[in-house]
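Here the structure is laid out as structure tokens; the discussion comes afterwards.
Below, chains carry the letters A, B, ... as their sequence lines are ordered, and counting in each starts from 1.
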Amino acid sequence: MFRSCHSVEDVGVALDFVRKINDGDGESKFKLRVKGYNTLLMLLAKFCLVDEMKWVYSVMLKNTIVPDIYTFNAMVNGYCKVGNVLEAELYVSKIVDAGLRPNTFTFSSLILGHCRKRDLDSAYRVFTVMPIEENKLDDARRLLDGMLENGLVPSVVSYSAMINGYCKEGLMEAAFEILGLMESNNISPNARIYGELIYGFCKKKDVHRAMALLNKVLERKLSPSLITYNLLIHGQCRAGHFDTAYRVIGLMKECGLVPNQWTYSVFIDTLCKRGSLEEAHIMFESLKEKGIKANEVIYTALIDGYCKAGKIENAHSLLERMLIDDCFPNSYTYNSLIHGFCKEKKVKEALSLEEKMVKMGVHPTVRTYTILIEGLLKDGDFDHAHRLLDRMVSSGYKPDVFTYTAFIQAYCSTGKLNEAEDWMVKMDEEGIVPDSVTYTLLIRAYANLGLVYSAFDVLKRMFDAGCEPSHHTYAFLMSHLSKKKWMKENSDVMGLYLVSNVTFVEVADVWKMMEFDTAVELFETMLKHGCAPNVNTFGKLIIGLCKVGRFAVAQRLFDYMRERGISPNEDIYNSLLKCCCGLGMYKEAVRLVDAMIEHGHLPHLESYKLLLCGLYDEGNIEKAKAVFHNLLDCGYNNDEVAWNIFIEGLLKKGFGDGCSELLSIMEEKGCQVHPQTYSMLVEGLDGI
DNA sequence: GTAGGGTTAG
């Protein structure tokens, strides 16, 4: 009877029906069979309404309906979706108690549940604290492997849940291993499976691999979904490739897919984050003529953009427009505005907005409280901040790493290191793991007070906790090591500033001033403190140097690390490559590209573009051809290659001949280019 | 008769 229910509104109607059954005396005219209950339970699971599920289940038992495998599976699925594996396992045992056997569906749900075990978002009120399990993916994996042992055949869904789990964590090799596993078990991956992998690459900011995978999906005549395209657009936007993101819209339209709210929210959000508020607003206003109604995410992106730009008035009027537009603001919307007020030192307004939010029926979240606490602390009102913390805890909200870090930052910036350390202890007792920002704040504070040993001691704690130091962490440590030297060299105090009477160097300037010897001093001090510099240590330094064009020092470090038997990773190679292309050192760039390919790394297309243009500029045509040949074997999406190298590169730089030459290499190799790109190329070549 | 994906702090 609930088969036609699909929306949250339907759920309400269905629940009302069950309520009537529950209110009846058993002789009621409202009766439901097991199938009806099951359908309702699945529907509730779809919307993650586990409390309602539990109630429906109890009504079912009260009415002496015997649950079947579908009932139990629905319960397992619901709890797994919200990451509550403990509760889900309770229903698995009920399956066994009932003399039934868990099936493929049960296992697929459990795999999903284990992958989500830690996903209980701090944005929600969490009353039951789930145990944190580091090896949640291993547990999921054991379940997948255990299926065969139990005589069950994993389905596409079982594999996809596992692949999604790995992709979310950026473990692409493991994800591809699962792909291999399913293929060897004769299950052919569908578009959804590839969609998961594309998501993984996008999440890792490896958009080129994501695009190459898209090509593979299309070659296999599978249809990528709107979600997949949206993910690609998001990935391209985040990588700063705005033009490419627009091209992806073209590609999706060709497949008959229509960009939706999500698509535009990505664009609008990206524009806002880049500070292009006007452009974002123009796109927002153009939605109507596209037949798209702005949703709360779109409004929030724009509101957030205005708040970050300090234009609270505009943000506020958007909130009003939102309400007129029948678009309901959510906690994210209010959080953006509250944050905006705090940033402008208007904590009072921020606090009253929180009250308003509650009145509007929107629940504050951990984030709301944290933003307010941070605002109060930055305002120097420690008392109020503590009171608010008490209020949040007593209302059942669990402070997270951001909340604790706000306090630690406040104590660090006032030089109260003992209090800051007390908060580290408190955090540990609550089972909250500090992140690199937390540790780096402490390191900076110790360094500012001239306590080198303590600063490096915190680094050791970081290493021991398995927390990866950021480039900020290393920059603060180095600026301290070289402080006296740098101060002398910069007697005009350029790039130096004062905090609590201690002078130190701005992070951005560390890379500009850093010499090779400083790095060596860092490594030696690290070793003395029991932290051996690893590939990431070198990576942070090399990438930092490359960003400011310090190729010579970066290369020395690169050689230094290799001499010590540490192999550079793809990011290190790419930053070096980008740096020397930018400096016009094309011979060196060619050497790097060759070395990368030899080690199985993928050189960025942007660097190839610069390199090929550079080689043509130097008249080194044969070298350019050879480099392009190798590029075509890298497995890139050929259309993307053509677009980047020809249209964005050679044609724009006026190397039409080079463009024709390289295009013929593509044709010789049988590389397919999209007809639209091809006609643009021909047009471009004619124009020269 | 069941299911699997995606935004938004310091």
**OP:** Could you check whether A:D435 gets within reach of a base, just the sugar-phosphate, or nothing at all, counting any heavy atom under 4.0 Å?
**Re:** base
Original post:
Heavy atoms under 4.0 Å, any strand shown: does A:N260 hit a base, just sugar-phosphate, or nothing?
Top reply: nothing
**OP:** Ignoring the backbone of A:Y70, work out which of B:dG4, B:dG6, B:dG1 is nearest its side chain.
**Re:** B:dG1
**OP:** Could you check how far CG of A:D304 sits from P of B:dT7, rounded to whole Å?
**Re:** 16 Å
Original post:
Can you check the A:E374 CD to B:dG10 C1' distance for me, whole Å?
Top reply: 5 Å
**OP:** Could you state the atom-to-atom distance from OH of A:Y404 to C1' of B:dA9 in whole Å?
**Re:** 18 Å
Original post:
With distance as the sole criterion, do the side chain of A:N103 and the base of B:dT2 form a donor-acceptor contact below 3.5 Å?
Top reply: yes
Original post:
In whole Å, what is the span from the CE atom of A:M42 to the P atom of B:dG4?
Top reply: 7 Å
Subject >> Check: B:dA3 base within 3.5 Å donor-acceptor of A:S155 side chain >> reply: yes
Original post:
Separation of A:L337 atom CG from B:dT8 atom C1', in whole Å?
Top reply: 13 Å
Subject >> Touch class at under 4.0 angstrom, heavy-atom based, for A:V266 against every strand present >> reply: nothing
Original post:
Hey, does A:K203 reach any base, or is it just sugar-phosphate, or nothing, if we go heavy atoms under 4.0 Å?
Top reply: nothing
**OP:** Remember a base hit wins even if backbone is also touched, and classify A:I227 as base, sugar-phosphate or nothing at under 4.0 Å, heavy atoms.
**Re:** base
**OP:** Calculate the interatomic distance between A:R274 atom CZ and B:dT7 atom P; express it in whole Å.
**Re:** 20 Å
Original post:
So, A:E87 and A:K54, do they make that salt bridge, N to O below 4.0 Å?
Top reply: yes
**OP:** Check whether any side-chain N or O of A:K273 sits under 4.0 Å from OP1 or OP2 of B:dT8, and answer yes or no.
**Re:** no
**OP:** Report which part of the nucleic acid A:I193 touches: base, sugar-phosphate, or nothing (heavy-atom distance under 4.0 Å, all strands).
**Re:** base
Original post:
What nucleotide, of B:dT7, B:dA9, B:dG4, holds the atom closest to the side chain of A:H339?
Top reply: B:dA9
Original post:
Out of B:dT8, B:dT2, B:dA3, which has the shortest distance to the side chain of A:R367?
Top reply: B:dT8
Original post:
Has the side chain of A:S108 got a donor or acceptor atom sitting under 3.5 Å from an opposite partner on the base of B:dG4?
Top reply: no
When the side chains of residues 196-203 of chain A are checked against the rest of the protein, which donor-acceptor pairs come out under 3.5 Å, sequence neighbours left out?
residue: A:E196; atom: OE1; partner: A:N164; partner atom: ND2; Å: 2.7
residue: A:K203; atom: NZ; partner: A:K168; partner atom: O; Å: 3.0

Subject >> With sequence neighbours excluded, residues passing side-chain hydrogen bond (donor to acceptor under 3.5 Å, both in side chains) with A:N185 >> reply: A:Y159
**OP:** Would you classify A:S336 as touching base, sugar-phosphate or nothing, given that sugar-phosphate means primed atoms plus P, OP1 and OP2, and contacts are heavy atoms under 4.0 Å?
**Re:** nothing
Original post:
Ring stacking, A:W262 with base of B:dG6, under 5.5 Å and under 30°?
Top reply: yes
Original post:
Are any of A:K378's side-chain N or O atoms less than 4.0 Å away from OP1 or OP2 of B:dG10?
Top reply: no
Subject >> Rounded distance in Å - CD1 (A:I187) to C1' (B:dG4) >> reply: 13 Å
Subject >> Electrostatic pair A:K426:A:D422 at N-O distance under 4.0 angstrom >> reply: no
Original post:
Ignoring hydrogens and angles, does a donor from either the side chain of A:D400 or the base of B:dA9 sit under 3.5 Å from an acceptor on the other?
Top reply: yes
Original post:
Should A:R391 and A:E354 be marked as a salt bridge (Lys or Arg N to Asp or Glu O under 4.0 Å) after you check the CA-CA gap, both sets of side-chain angles, and the distance that decides it?
Top reply: CA-CA 13 Å; A:R391 197 178 106 199; A:E354 190 255 343; 3.1 Å; yes
**OP:** Select base, sugar-phosphate, or nothing to describe what A:S109 touches, counting heavy atoms under 4.0 Å on all strands.
**Re:** nothing
Original post:
Which part of the nucleic acid, if any, lies within reach of A:N230 when heavy atoms closer than 4.0 Å are counted: base, sugar-phosphate only, or nothing?
Top reply: base
**OP:** Send over the distance from A:L112 CG to B:dG4 P, rounded to a whole Å.
**Re:** 7 Å
Original post:
Which part of the nucleic acid does A:Y199 contact within heavy-atom distance under 4.0 Å: base, sugar-phosphate only, or nothing?
Top reply: sugar-phosphate
**OP:** Give the C-alpha distance, both sets of side-chain angles, the deciding distance and a yes or no for salt bridge (Lys or Arg N to Asp or Glu O under 4.0 Å) between A:D139 and A:R142.
**Re:** CA-CA 5 Å; A:D139 290 342; A:R142 265 194 291 279; 2.6 Å; yes
**OP:** Look at the side chain of A:F105 and decide which nucleotide, out of B:dT7, B:dA9, B:dT2, has an atom nearest to it.
**Re:** B:dT2
Original post:
Counting side-chain heavy atoms from C-beta on, which of B:dT2, B:dA3, B:dA9 comes nearest to A:V157?
Top reply: B:dA3
**OP:** Assign A:N38 to base, sugar-phosphate, or nothing according to its heavy-atom contacts below 4.0 angstrom with the strands shown.
**Re:** base
Original post:
When you check the gap from the basic side-chain N to the acidic O, do A:K308 and A:D304 get nearer than 4.0 Å?
Top reply: yes
Original post:
Side-chain N or O of A:K308 less than 4.0 angstrom from OP1 or OP2 on B:dA9?
Top reply: yes
Original post:
Reckon A:N330 touches a base, only the sugar-phosphate, or nothing at all at heavy-atom distances under 4.0 Å?
Top reply: nothing
Original post:
Would you call the rings of A:Y246 and A:F242 parallel, tilted or perpendicular, where under 30° means parallel and over 60° means perpendicular?
Top reply: perpendicular
Subject >> Touch class at under 4.0 angstrom, heavy-atom based, for A:S158 against every strand present >> reply: nothing
